[in-house]
Amino acid sequence: MKLPVLVHLAAVLPALLLGALQLATPKGTRLHRALGWLWVAAMATAAISSFWILGLNKAGGFSVVHLLSAWTLISLVCAIVFIRRGNVRAHKGFMVGTFLGLAGAGLGALAPGRTLYLFFFT
């Protein structure tokens, strides 16, 4: 497996666990804030590392999946801006939406023919 894929997986796996934990813990606590920053760092690392994972399309360059990575980075920034402005509802919407996007991307990555499918099931 190539280095960008390994970096991506090393960020995605903790992001899944931290995200689920964040959804289950009380909001507004020091623990929530600390776990949130770890989650944001993991998600940003996952999104940025994806730009070095190429070849999902026949041309071998960027694909539609990379637009989702860009959207993830934008969503993380929006969530941080909103909570700093006191807009908890918008913060929650961006964070939950980003987590659901992560879960959906994980399911998509396990589709037959994709790298993770080949790694785990062949």
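Model, not experiment: these values are computed from the prediction.
- Apart from W71 itself, the hydrophobic cluster it occupies contains I74, F82, F94, where clustering links Ile, Leu, Val, Met, Phe, Trp and Tyr at side-chain heavy-atom distances under 4.5 Å.
- In this structure, the ring pair (Phe, Tyr, Trp, His ring centres under 6.0 Å) partners of F121, at least two apart in sequence or on a different chain, are Y117.
- Transitive grouping of hydrophobic side chains (ILVMFWY, heavy atoms separated by less than 4.5 Å) brings F120 and I53 into a common cluster.
- When the side chain to side chain donor-acceptor pair (under 3.5 Å) test is applied to T45, no partner is found at least two apart in sequence or on another chain.
- In this structure, L21 belongs to a hydrophobic cluster whose other members, linked by side-chain heavy atoms under 4.5 Å apart, are V12, L16, L18, L23, L31, L35, W37, L38, W39, V40, M43, L76, I80, M95, V96, F99, L100, L102.
- The side chain to side chain donor-acceptor pair (under 3.5 Å) analysis of residues 83-102, with sequence neighbours excluded, yields no pairs.
- What you find for F51 and A70 is that their closest heavy atoms are CZ-N, 3.9 Å.
- Other members of the cluster containing L3 are V7, with ILVMFWY side chains joined at under 4.5 Å, either directly or via other members.
- Within the structure, side chain to side chain donor-acceptor pair (under 3.5 Å) pairs that include any residue of residues 16-25 comprise Q22-H32 (at least two apart or interchain).
- Membership of an apolar cluster is not assigned to L107, as no side-chain contact below 4.5 Å to another ILVMFWY residue is traced.
- Applying the side chain to side chain donor-acceptor pair (under 3.5 Å) test to every pair with at least one member in residues 2-11, sequence neighbours left out, gives these pairs: H8-S49.
- Nearest heavy atoms, A42 versus A15: CB-CB, 3.9 Å.
- Annotation: the span from L68 atom CG to L73 atom CG amounts to 11.5 Å, rounded to 0.5 Å.
- For L118, the side-chain contact (heavy atoms from CB on, under 4.5 Å) partners at least two apart in sequence or on another chain are T122.
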